[in-house]
Number of protein chains: 2
Amino acid sequence: MPLPQTEMPGRLQAYCAERGIRMTQQRRAILRVMETASKHLDAAQLLRKAQKLDASVDRSTVYRTLRLLKRQGLIDELDLMHIHGEGHYYERKLNRDHIHMACLRCGKIMEFVSDIFEKLKGQVEKDCRFRIVVSRLEIGGYCANCSK
Amino acid sequence: MPLPQTEMPGRLQAYCAERGIRMTQQRRAILRVMETASKHLDAAQLLRKAQKLDASVDRSTVYRTLRLLKRQGLIDELDLMHIHGEGHYYERKLNRDHIHMACLRCGKIMEFVSDIFEKLKGQVEKDCRFRIVVSRLEIGGYCANCSK
DNA sequence: ATCTAGTTGCAAATCGGTCGCATCTGGTAC
DNA sequence: GTACCAGATGCGACCGATTTGCAACTAGAT
């Protein structure tokens, strides 16, 4: 178990191979960007970064690939409280769900892992007899700095 | 305390009056629709229903009014996991925050109030020194019926 | 090397939401 | 009640995000 918090680099491609998903030049570029991204990317940023690896990558291919990865449950789609425009942000789904907090003043995005969140999801599954596939908790407010 | 779970009908207009918000024919129609809606409405549905009360209501007025109510903290904006399209849904903000669950198969939307959710928000405020203004927990999965 | 189902780039279309502007109106002041 | 004006409206054009139709291309099985 070399990397506890995150997944192995290259792991998205491995998942796709396991599931018999055809690997193209363009998808390789997009997956590499997703794997190495340090922050949440929207579709436009993802496109720009992917085109640096393979200039032929088209906008529609980015969207099609995002849809594919979403369907496979390999990435999560976020709004981040629509701090900038109406678009979406994407991140690899890791082992542990986390909460996203967006500061309404400085725009900073924070993440937080909580056992209480896990407990809450457990309660929903049990009390509502609801089988959870994906969950998203986003919070808007003011970070420590901006609250002052 | 006549109505425990929900607010008094007509209450949105009362709030607006208290805050010195100008009340127009069109806003009255839109607020009335929001107040009497039995389910979550998107902007297009809200427009159609409001036009039945006042045919002059325009699409842009609906959006402008929604923005106003959002800024005033009188309504919440939801995605409902984008079950139908990319748009947003709206609901009056009630006393108690609640979780939204969307069944990925039948499309049913369920709501759930939980003390654990309140506890989780408390933890975020304390541990992250983050002042919460708005929070949204949406869950996608399969309801009891569709899990079978 | 061949074949084909699946993928791509491109351009046009769609969709949810916003904006500029001339006109209208709610509600206060007289 | 009338006049007034800041703020609200309808209209149509616009915008950014995402999707689609289609002909050309390619990964990977045979």
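Letters A, B, ... mirror the listed sequences (proteins, then strands); counts begin at 1. Just so you know, these numbers come straight off a predicted model, no measurement behind them.
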Inset, instruction - Would you classify A:Gly85 as touching base, sugar-phosphate or nothing, given that sugar-phosphate means primed atoms plus P, OP1 and OP2, and contacts are heavy atoms under 4.0 Å? - result: nothing

Legend entry - Value in whole Å for how far the C1' atom of C:dG16 lies from CD of B:Glu77: 11 Å

Inset, instruction - Would you please classify the geometry between the B:His88 ring and the B:His82 ring as parallel, tilted or perpendicular, with 30° and 60° separating the classes? - result: tilted

Legend entry - Donor-acceptor pair under 3.5 Å, B:Arg67 side chain vs C:dG17 base: no

Legend entry - Base of D:dG10 paired with side chain of B:Arg64 (donor-acceptor, under 3.5 Å): yes

Legend entry - N/O (side chain, A:Ser56) to phosphate O (OP1/OP2, C:dG9) under 4.0 Å: yes

Inset, instruction - Sorted by first residue and then second, give each salt bridge (charged side-chain N to carboxylate O under 4.0 Å, His left out) pair with at least one member in residues 104-117 of chain A; sequence neighbours left out. - result: A:Arg96-A:Asp115

Inset, instruction - Return the 5'-most residue of the pair A:His84, A:Asp58 with respect to DNA chain D, ranking by each residue's nearest nucleotide. - result: A:His84

Inset, instruction - Using only side-chain N and O atoms of A:Tyr63, determine if any of them is under 4.0 Å from OP1 or OP2 of D:dT18. - result: yes

Legend entry - Expected output: side-chain B:Arg59 to main-chain B:Leu47 donor-acceptor under 3.5 Å: no

Legend entry - B:Arg59 vs D:dT9: side-chain N/O to OP1/OP2 distance below 4.0 Å: no

Inset, instruction - Remember a base hit wins even if backbone is also touched, and classify B:Ala43 as base, sugar-phosphate or nothing at under 4.0 Å, heavy atoms. - result: sugar-phosphate

Legend entry - Between the first and last five pairs of the helix from C:dA1-D:dT30 to C:dC30-D:dG1, the angle of the axes, rounded to 10 degrees: 30°

Inset, instruction - Kindly say if B:His88 contacts the phosphate of C:dG16, meaning a side-chain N or O under 4.0 Å from OP1 or OP2. - result: no

Legend entry - Donor-acceptor pair between B:Thr36 and B:Arg32 side chains, under 3.5 angstrom: no

Inset, instruction - State whether the side chain of A:Glu35 and the backbone N or O of A:Leu12 hold a donor-acceptor pair below 3.5 Å, judged by distance alone. - result: yes

Legend entry - Pair B:Arg136 + B:Asp79, salt bridge at N-O below 4.0 Å: yes

Legend entry - Greater than 12 external heavy atoms within 6.0 Å of B:Lys49's NZ: no

Inset, instruction - Please check the phosphate of D:dT26 (OP1 and OP2 only) for any side-chain N or O of A:Gln25 closer than 4.0 Å. - result: no

Legend entry - Side-chain N,O (B:Ser60) to OP1/OP2 (C:dG17) below 4.0 Å: no

Inset, instruction - Would you tell me if any nitrogen or oxygen in the side chain of B:Thr61 comes within less than 4.0 Å of OP1 or OP2 on D:dA8? - result: no

